[in-house]
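So the structure is just underneath, and the comments pick up after that.
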Amino acid sequence: MNRPYGRFFLPGPVEVRPEVLAAQLQPMTGHRGPDVQAFIGELQAGLKDAFRTERPVFIVPCSGTGLMEAAIRNGASNRVLSLVNGAFSKRFSSIASQCGLEVDEVSIPWGEAHDPDQVSTALSVRKYDAVTVAHSETSTGVLNDLQMLSGIVHQHEETLLLVDSVSGAAGAELQTDLWGLDFVLTGGQKAFSVPPGVSFGVASSSMIERAKEVGGRGYYFDLVRYFENIEKLQTPTTPPLSTLFALQVQLRLMAKETMEGRWARHQEMAERTWAWVEEMASLGIQLKVVAAEGHRSPTVTAIQVPDGVSAPSIVDAVKDRGWVIGGGYGKLKPTTFRIGHMGEHTEDALEGLLSVLAEILS
Ligand SMILES: *Cc1c(COP(=O)(O)O)cnc(C)c1O
């Protein structure tokens, strides 16, 4: 694969910087002992900054879905309310069902963000152990308002808010402590821009207390064990060392940019993409951003193609020209494509992609 750097706009995994990829070539080390504790300590500092938390950040060898399952198995033992507005938030709901919990859904049209009154009403009907939500719903490009949702959920003392921020963290503003989020999980291969294979999670003290009470939370994803280990700068099992070598270099680069700088860069790329859709529409090419205005994710945009056009054929045509974008996800596959403007991309590179797309569409 001789693709030049900067042309890979999949909404995960994302383009990884060459120096970050190269960091994986370091020789192995044992995963216990003072050297490794210093190494994990450095990673903790960068990860805490990304999540905006004083709590330890779990480093778990799995993809994002693994920590979605961990969220459910540690955060609930009875009934869960799942906020569903796309394929990934639906997956959260399905995981809860598959883990044997009672699940109710607040299900809204794909492309919309959750509404405070509707969620508040649902919570007033029954007692829930937890509410699940996708921060940035990668199938539609919708961003849910976590601060607002947290305020509503926490009017109910026993209810925890479990957040899938797989395509949010390190790209969209995320304030774990300030917003009072009980569990936030992400995968390294999205806006964090490291190779796949590692995920990160932050649990509030209520989440850890809950986990201790939940029977049968299992072994591999037992967050109490993760918590006890990370306090000693250790991991319960062998960490994905090569991916963590990459993460170390990536976190240093992220510290240079600052998290605020990173959020702003993502927002600019997203706004440029939305403006381009408008430009195309004004030229008679009827593209449409799937996500409702005012509720759009800074990391990914799903774009609906004109009637009669096949979205997969556009994805293929882009590929033929040496660039990569994402196909539509789930039921949106035939009618949408997705641009993952997340990770290390710049507006310049994005401009290159948009002109390729414009050429194909016209
Ligand atoms: C990518 C993604 C997932 C799934 O992550 P995997 O790492 O593939 O398991 C879950 N939720 C959201 C919002 C995602 O974008």
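Whatever order the structure lists them in is the order used to number ligands and atoms, beginning at 1.
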Contact residues of ligand 1 (heavy atom under 4.0 Å), by chain and number
Ser63, Gly64, Thr65, Met68, Phe88, Arg91, Ser136, Thr138, Asp164, Val166, Ser167, Gln189, Lys190

Determine whether Val277 and Val290 fall in the same hydrophobic cluster, where Ile, Leu, Val, Met, Phe, Trp and Tyr are linked whenever their side-chain heavy atoms lie under 4.5 Å apart.
no

Please list all pairs passing the side-chain hydrogen bond (donor to acceptor under 3.5 Å, both in side chains) test where one or both residues lie in residues 20-36, with sequence neighbours left out.
none

With sequence neighbours left out, the residues meeting ring-ring contact (aromatic ring centres under 6.0 Å, His included) with Phe200 are Phe192

Quiz question: by atom type and distance under 3.5 Å, do the side chains of Thr132 and Ser82 form a donor-acceptor pair?
yes

Holding to salt bridge (charged side-chain N to carboxylate O under 4.0 Å, His left out), I want the full list of residues that pass it with Asp104, two or more places apart in sequence or in another chain.
Arg79, Arg126

Could you tell me if Arg91 and Thr65 have a donor-acceptor pair between their side chains, going purely by distance under 3.5 Å?
yes

